[in-house]
Amino acid sequence: MALPFPLSFFEPLRSSTALIRATAVDAAVLAGHLMLYPTGLAQERPPAAAAEGDGRGRGPGRGKHRPVLLLHGFIDNRSVFVLLRRSLRQDGRHHVEGLNYSPLTCDIPTAAALLGDHVQEVCKRTGRRRVDLVGHSLGGLIARYYVQRLGGDARVHTLVTLGTPHGGTRAVPLLSAHPLVRQMRPDSPVIEALRQPAPGCRTRFISFWSDMDQVVTPAEMACVRHPDLDARNVRVTGIGHLALPVHRTIATGVRRALDGDTTPVTEADDPDTPDTGADGSTGSAGSSGGAQGARGAKPGGDDASGAASVA
């Protein structure tokens, strides 16, 4: 709906201000994350099986939560999830692992196959039949390829993606020389493969996408739109691409998504959780951002934003 004059005069100014703010927050998150980056270079040691259950990592007392595996984005590592991991563990999810795929990885299907091997190992180690996956950016695309094209829906109950270019992205053309970047283009064979029929896919998809994402362009390309998939797209406002894994509202949304709760998320849901940058300091990491709960996306349809927002 068009805004009446003079309100329409100020709409571009508000949008520009929000974009500048989101860009500044992303820059701050990047600076903090660079400090943590060395801590995530090594592959994570598997958590003790006893932490998830009956003291033996098996049997009916192993805990109500499925294991959660976290997959980072392009040229990143598991350290990007330090705050989300803490949030999930505080919610009672004791088996949370951050995975690193090799920096030499040049192929999404190959990375997806390796993810499948790791999921099988986690299921065997924990005695659970299925896991949940959370992927940021490229990590979400790798996870979706595993679920949709390699039979991973048998092992993955819920896949949550944060700023993942499900429809591809045209950002950063100067990096197109890298094979992974080329595979994230809208016309790539990988993206085309994900458009193919996927009848009977058993995994739930929840995609968080931001109107201020400057890596996924256009931003709506981060939505899951497929007639065969059980998908819900959640639009968030005022949060940049890099801030998605560290924003407290997103963390609350991820927890609820893994619980199967579709209630819209607001900042009031986490009154005791400060906004923190990637370095763990209290700051403005998306403090102006909001989350709008989207209704369950109809097969092949667009998401519909709800009314919840964060001031």
Side-chain angles (χ1 to χ4, degrees), residues 19 22-23 26 71-76 101-116 133-153 156 159-201 203-236 239-242 244-245 294 297-304:
L19 179 59
T23 302
D26 262 4
L71 287 89
H72 61 79
F74 182 59
I75 318 179
D76 208 342
Y101 48 86
S102 170
L104 301 179
T105 298
C106 293
D107 183 63
I108 288 175
T110 299
L114 292 174
L115 169 62
L133 302 179
V134 179
H136 177 228
S137 195
L138 173 62
L141 206 58
I142 292 171
R144 180 179 171 186
Y145 196 96
Y146 163 61
V147 166
Q148 191 177 328
R149 303 295 299 175
L150 302 181
D153 61 313
V156 178
L159 168 58
V160 180
T161 64
L162 313 176
T164 288
H166 291 285
T169 179
R170 299 193 182 279
V172 202
L174 294 179
L175 292 180
S176 293
H178 196 290
L180 284 179
V181 175
R182 290 200 300 271
Q183 290 183 347
M184 288 189 282
R185 296 303 185 206
D187 56 353
S188 76
V190 167
I191 299 300
E192 181 58 35
L194 294 177
R195 297 190 182 108
Q196 298 303 308
C201 184
T203 298
R204 290 192 314 125
F205 294 80
I206 296 93
S207 173
F208 289 85
W209 68 282
S210 174
D211 57 353
M212 293 296 167
D213 194 324
Q214 297 184 67
V215 174
V216 180
T217 59
E220 291 81 1
M221 299 294 264
C223 295
V224 178
R225 294 190 175 105
H226 194 294
D228 296 331
L229 301 183
D230 177 10
R232 187 167 68 99
N233 297 304
V234 182
R235 178 175 181 251
V236 299
I239 304 176
H241 187 80
L242 298 180
L244 286 168
K298 300 298 182 184
D302 294 336
D303 66 295

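Not measured: the values here are computed from a predicted model.
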Q: Scan for side-chain hydrogen bond (donor to acceptor under 3.5 Å, both in side chains) pairs involving residues 172-182, sequence neighbours excluded, and state none if there are none.
A: Ser176-Arg185

Q: Are any of the side-chain heavy atoms of Gln183 and Leu141 separated by less than 4.5 Å?
A: no

Q: Tell me, please, which residues at least two apart from His136 pass ring pair (Phe, Tyr, Trp, His ring centres under 6.0 Å).
A: His241

Q: Find out whether Ile239 and Phe208 are in side-chain contact, i.e. whether some heavy atom of one side chain is under 4.5 Å from a heavy atom of the other.
A: no

Q: Taking atom CG of Asp228 and atom CD of Gln148, what is their separation to the nearest 0.5 Å?
A: 8.0 Å

Q: Could you note down all residue pairs passing salt bridge (Lys or Arg N to Asp or Glu O under 4.0 Å) where residues 208-224 supplies at least one of them, sequence neighbours left out?
A: Asp211-Arg235

Q: What residues, two or more places apart in sequence or in another chain, satisfy side-chain contact (heavy atoms from CB on, under 4.5 Å) together with Ala193?
A: Tyr145, Arg149

Q: For a quick test of reading the model, state the closest non-hydrogen atom pair linking Ala143 to Leu115 and the distance between them.
A: CA-CD2, 3.7 Å

Q: Return the minimal non-hydrogen interatomic distance between Cys201 and Asp153, and the atom names on each side.
A: CA-OD2, 3.7 Å

Q: Could I get the full list of salt bridge (Lys or Arg N to Asp or Glu O under 4.0 Å) partners for Arg195, not counting sequence neighbours?
A: Glu192

Q: Report the C-alpha distance between Ile191 and Met221 in whole Å, list the side-chain angles of each, state the deciding distance to 0.1 Å, and finish with yes or no for side chain to side chain contact (heavy atoms under 4.5 Å, CB included).
A: CA-CA 11 Å; Ile191 299 300; Met221 299 294 264; over 6 Å; no

Q: Apply side-chain contact (heavy atoms from CB on, under 4.5 Å) to Ala219 and list each qualifying residue two or more places apart in sequence or on a separate chain.
A: Trp209

Q: Measuring only between side-chain heavy atoms, which start at C-beta, is Leu242 closer than 4.5 Å to Val215?
A: no

Q: Could you list the residues that satisfy side-chain hydrogen bond (donor to acceptor under 3.5 Å, both in side chains) with Thr110, not counting sequence neighbours?
A: Asp107

Q: Using every non-hydrogen atom in the two residues, find where Thr203 and Gly152 come nearest and quote the distance to one decimal.
A: OG1-O, 4.5 Å

Q: Search all heavy atoms of Thr169 against all heavy atoms of Pro186 and return the closest pair with its distance.
A: O-CD, 3.6 Å

Q: Once rounded to the nearest 0.5 Å, what's the spacing between atom OG1 of Thr217 and atom CZ of Arg170?
A: 8.5 Å

Q: Do you know the tightest heavy-atom contact between Arg144 and Leu229?
A: NH2-CD1, 3.7 Å

Q: Is the closest side-chain heavy-atom distance between Leu114 and Ile142 below 4.5 Å?
A: no

Q: Who passes side-chain contact (heavy atoms from CB on, under 4.5 Å) against Leu175, sequence neighbours left out?
A: Phe74, Val172, Val181

Q: Please name all residues satisfying side-chain contact (heavy atoms from CB on, under 4.5 Å) with Thr161, sequence neighbours left out, ordered by chain then number.
A: Leu159, Thr164, His166, Ser207

Q: Do you know which two heavy atoms are closest between Ser137 and Gly73, and how far apart they sit?
A: CB-CA, 4.2 Å

Q: Taking the side chain as C-beta and beyond, is there a heavy-atom pair between Pro245 and His72 under 4.5 Å?
A: no

